[in-house]
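Just below is one structure, and these are the notes that go with it.
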Amino acid sequence: SSVETVISASSRHRSLKADGRPGYRFGTMTTSAADSSSPPQVTVTGMEITPCTSFSDLHLTHPSLPDLLSRFPRPTPIQAHAWPALLAKRDVIGISATGSGKTLAFSVPIIERLHRKNRVKKGRVAWLTVAPTRELALQTYEVIRGVLPSVCIYGGESKRDQIRAVRQTRPVAVVATPGRLLDLIADGELDVSGVRHLVLDEADRMLDLGFEPEIKKIVAHIRPVEKRQTIMFSATWPAAVQRMAERYLAADPVRIHVQ
């Protein structure tokens with residue numbers, strides 16, 4: 001079906017973030033499918049986006065990505081809107097229901113950007129995804145394990161085995177739950193100081209599980225916000241998640257809300 005795009009405002013307004021840093025509120029772009037079969041509504045702030053209606057719109061250069069995407073008929077709404085923003089090197093907040101394709105929404109552009117910049121160097125962690133549970137961490141890991149040298153780190157399993165996996169794999173990408181990740185950093189087994197892409201997945205669940213202090217410690221080990229791309233995905237957008245976004249993302253992130 002065709003997609004209708006409505007831009008309700010196009011000007012850029014100066015505002016202040018909660019911590020007093022200057023930020024900007026951009027015009028809001030809302031897209032929805034033109035047919036009547038309960039189409040999703042997508043609201044985008046921070047950037048005017050032309051959604052990807054097919055995978056060919058991406059002009060991917062990584063040899064493994066076409067095969068990865070061939071399992072799916074077309075981009076989901078969160079993918080269609082997140083991919084242009086992430087490939088444009090913007091920080092992104094994605095608000096979309098669980099099961100809406102958020103894993104590929106952030107994985108595909110990060111893999112592509114690392115490939116284009118020739119930054120896949122074994123033993124140098126360039127991409128860190130933090131997830132609240134083992135199940136969510138494994139979900140992302142299963143997507144990327146055949147594409148990049150990667151490891152999945154989570155509690156409840158042998159730390160010794162996971163350290164061995166880190167040493168043998170020399171990962172470019174790490175997917176982890178907060179507590180076990182901090183354990184390996186503290187032990188000197190994992191260096192995340194060179195991370196260029198930080199993903200905070202299911203941020204609302206991380207806050208519900210009380211991981212905010214761990215997230216603060218993790219972020220302190222990696223590049224400052226102006227030298228990394230930070231991506232936050234959440235199923236909901238409560239005040240606590242908004243404060244988290246203001247703390248860890250750039251001053252003018254692109255926000256994509258699929259309803």
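Considering all non-hydrogen atoms of both residues, Pro253 and Leu249 come closest at CB-CD2, 3.9 Å. For Leu104 against Trp83, the heavy-atom pair with the smallest separation is O-NE1, 3.0 Å. In plain terms, the two heavy atoms of Thr236 and Val241 that are nearest each other are O-CG1, 4.3 Å. Residues Asp191 and Ser193 share a closest heavy-atom pair of OD1-OG, 2.7 Å. Among all heavy-atom pairs drawn from Ser100 and Ile78, the shortest one is O-CG2, 3.3 Å. Contact detail for Pro77 and Pro40: the closest heavy-atom pair is CG-CG, 3.6 Å.
Between Tyr141 and Ser150, the closest side-chain pair of non-hydrogen atoms falls below 4.5 Å. Looking at Ile231 and Lys102, their side chains never come closer than 4.5 Å, going by heavy atoms from C-beta outward. Contact annotation: the side chain of His115 approaches that of Pro63 to within less than 4.5 Å [non-hydrogen atoms, C-beta and beyond]. Taking the side chain as every heavy atom from C-beta outward, Arg167 and Glu189 approach each other to under 4.5 Å. A heavy-atom distance below 4.5 Å is not found between the side chains of Val258 and His81. In this structure, Val199 and Ile110 have side chains that are in contact, with non-hydrogen atoms separated by less than 4.5 Å. Between Leu198 and Arg223, every side-chain heavy-atom pair lies at or beyond the 4.5 Å cut-off. The side-chain heavy atoms of Gln162 and Val151, taken from C-beta on, include no pair separated by under 4.5 Å.
The line from CZ of Arg116 to CG of Leu114 is 11.5 Å long, rounded to the nearest 0.5 Å. Interatomic distance, OG1 of Thr53 versus CG of Asp57, reported as 4.5 Å (0.5 Å rounding). Atom NE2 of His257 is separated from atom CD of Gln41 by 9.5 Å, given to the nearest 0.5 angstrom. To the nearest 0.5 Å, atoms SG (Cys152) and CZ (Arg180) are separated by 11.0 Å. To the nearest 0.5 Å, atom CD1 of residue Ile153 and atom CG of residue Leu184 are 5.0 Å apart. To the nearest 0.5 Å, atom CD of residue Gln242 and atom OG of residue Ser234 are 10.0 Å apart.
When the shell of 6.0 Å around NZ of Lys122 is examined, it contains more than 12 heavy atoms from other residues, nucleotides or ligands.
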Show which side-chain atoms of residues 128-136 pair as donor or acceptor with protein atoms under 3.5 Å away, not counting sequence neighbours.
unit_1, atom_1, unit_2, atom_2, d
Thr129, OG1, Trp127, NE1, 2.8
Thr133, OG1, Leu136, N, 3.2
Arg134, NH1, Glu157, OE2, 3.0

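A donor-acceptor pair under 3.5 Å is absent between the side-chain atoms of Arg90 and the main chain of Met47, judged by distance alone. Side chain of Gln139 to main chain of Thr103: no donor-acceptor pair is present (N/O by atom type, distance under 3.5 Å, no hydrogens or angles). Side chain of Asp67 to main chain of Ser64: no donor-acceptor pair is present (N/O by atom type, distance under 3.5 Å, no hydrogens or angles). Between the side chain of Lys227 and the main chain of Val195, no donor-acceptor pair closer than 3.5 Å is present.
Between Arg205 and Asp208 there is no salt bridge, since no side-chain N of the basic residue sits under 4.0 Å from a carboxylate O of the acidic one. Using a 4.0 Å cut-off between charged nitrogen and carboxylate oxygen, Arg247 and Glu212 count as a salt-bridge pair.
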**Report entry** Worked check of side chain to side chain contact (heavy atoms under 4.5 Å, CB included) between Arg255 and Ile95
**Finding:** CA-CA 8 Å; Arg255 180 158 60 91; Ile95 308 151; 3.8 Å; yes
Requested in this report: Using the side chain to side chain contact (heavy atoms under 4.5 Å, CB included) rule, take Tyr248 and Ile215 through it: C-alpha gap first, then chi angles, then the decisive distance, then the call.
Outcome: CA-CA 10 Å; Tyr248 300 125; Ile215 297 302; 3.8 Å; yes
Query - Chi angles and distances behind the side chain to side chain contact (heavy atoms under 4.5 Å, CB included) call for Gln79, Val108 - result: CA-CA 9 Å; Gln79 294 165 3; Val108 168; over 6 Å; no
Requested in this report: Report the C-alpha distance between Arg113 and Gln229 in whole Å, list the side-chain angles of each, state the deciding distance to 0.1 Å, and finish with yes or no for side chain to side chain contact (heavy atoms under 4.5 Å, CB included).
Outcome: CA-CA 11 Å; Arg113 285 195 59 199; Gln229 181 180 46; 3.2 Å; yes
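Annotation: ring-ring contact (aromatic ring centres under 6.0 Å, His included) contacts involving residues 198-237, sequence neighbours excluded, comprise Phe106-Phe233.
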